[in-house]
Student: 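Have a look at this one before I ask anything.
Just so we're clear, the structure is a prediction, and the values are computed from it rather than from any experiment.
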Amino acid sequence: MRVQILGTGQLLELQRRLRAAGNENIRASMQRRVRRAAEPLQGALQDSIRHLDLTSAGRKPGKRGGQSPTTRPLRATIAGAIRISVRNTGAGAGARVWIDIDRLPNDITFGLLKQINEGKVRHPVFGNKSRWAQQNASPLWWDRTVRAHTPRMTREVERVVDDVRRRLN
């Protein structure tokens, strides 16, 4: 799950001109401004997963239950793994917002993240693989948040590219 803002033609051409000019201040400023354009999306994604309702049918009458075997909050853990990176060179020039799988515990996999985004999480009850439960969530939390922020981010990155182009001329 990641999002990339890439204006490959404009950014690549601009990066080539920046390297030729050798002005590190302009390059650093551009990278900082592109990162700032992506930061509201990162915050919105983190808020979205933190406040996402995961509901289930609940326990049936007479069934046993108990405390969760883990004290780690699932949604806060996922929110903490949402990252931003900005690259100024190569074919991947632009901003990228993604969930860093390496920052998640081993039991939170890409498959689980995909299930949460699809709106249905199926999992074994307290690790018992002979009993399964399903929890429902608001579908497409990642996709909707990205779609809502993409026009603003695109405008901001275009503004940054235009400003840098003006400074180079």
Student: Please name the pair of heavy atoms, one in Arg144 and one in Ser138, separated by the smallest distance, quoted to 0.1 Å.
Tutor: NH1-OG, 3.7 Å
Student: Would you compute the distance between atom CZ of Arg96 and atom CD1 of Ile84 and round it to the nearest 0.5 angstrom?
Tutor: 11.5 Å
Student: Give a yes or no on whether the backbone of Leu52 and the side-chain of Arg75 come within a donor-acceptor separation of less than 3.5 Å.
Tutor: yes
Student: With distance as the sole criterion, is a donor-acceptor pair present between the side chains of Asp53 and Thr55 under 3.5 Å?
Tutor: no
Student: To the nearest 0.5 angstrom, please state how far the CG atom of Leu104 sits from the CZ atom of Phe110.
Tutor: 11.5 Å
Student: Ignoring hydrogens and geometry beyond distance, is a side-chain donor-acceptor pair present between Gln134 and Asn136 at under 3.5 Å?
Tutor: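 Asn136 and Gln134 do have a side-chain donor-acceptor pair below 3.5 Å.
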Student: For Asp162, is there an ion pair with Arg159 - N to carboxylate O distance below 4.0 angstrom?
Tutor: no
Student: Counting distance only, does the side-chain N/O of Arg152 pair as donor-acceptor with the main-chain N or O of Ala37 below 3.5 Å?
Tutor: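 The answer is yes, because a donor-acceptor pair under 3.5 Å joins these two groups.
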Student: Which heavy-atom pair separates Asp100 from Arg83 by the least distance, and what is that distance?
Tutor: CB-CG, 3.9 Å
Student: Once you round to the nearest 0.5 Å, how far does CD of Glu39 lie from CE of Met153?
Tutor: 10.5 Å
Student: Do any N or O atoms from the side chain of Glu156 and from the backbone of Val34 form a donor-acceptor pair under 3.5 angstrom?
Tutor: no
Student: If you look at every heavy atom in Asn117 and Trp142, which pair is closest and at what distance?
Tutor: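 Residues Asn117 and Trp142, closest heavy atoms: OD1-N, 3.1 Å.
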Student: Any chance you could measure His149, atom NE2, to Gln42, atom CD, to the nearest 0.5 Å?
Tutor: 11.5 Å
Student: Counting C-beta onward and ignoring hydrogens, is there a side-chain heavy-atom pair between Thr109 and Leu113 closer than 4.5 Å?
Tutor: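 A side-chain contact under 4.5 Å is absent here.
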Student: Closest heavy-atom contact between Trp132 and His123?
Tutor: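 Taking every non-hydrogen atom into account, CE3-C, 3.2 Å.
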Student: Would you confirm whether Ser48, through its side chain, and Ala44, through its main-chain N or O, come within 3.5 Å as a donor-acceptor pair?
Tutor: no
Student: What distance do Leu74 atom CG and Leu54 atom CG have between them, rounded to the nearest 0.5 Å?
Tutor: 6.5 Å
Student: Can you find a pair of side-chain heavy atoms, one from Ile78 and one from Leu112, that are under 4.5 Å apart?
Tutor: no
Student: Do you know which two heavy atoms are closest between Val160 and Met30, and how far apart they sit?
Tutor: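 Minimum heavy-atom contact is CG1-CG, 3.8 Å.
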Student: For residues Glu118 and Pro139, report the shortest heavy-atom separation together with the two atoms involved.
Tutor: O-CB, 3.6 Å
Student: Side-chain heavy atoms nearer than 4.5 Å, only ILVMFWY residues, links allowed to pass through others: does that put Leu140 and Ile116 together?
Tutor: no
Student: Can you tell me how far CD1 of Ile82 sits from CD1 of Ile99, rounded to the nearest 0.5 angstrom?
Tutor: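 So the CD1 of Ile99 and the CD1 of Ile82 are separated by 5.0 Å.
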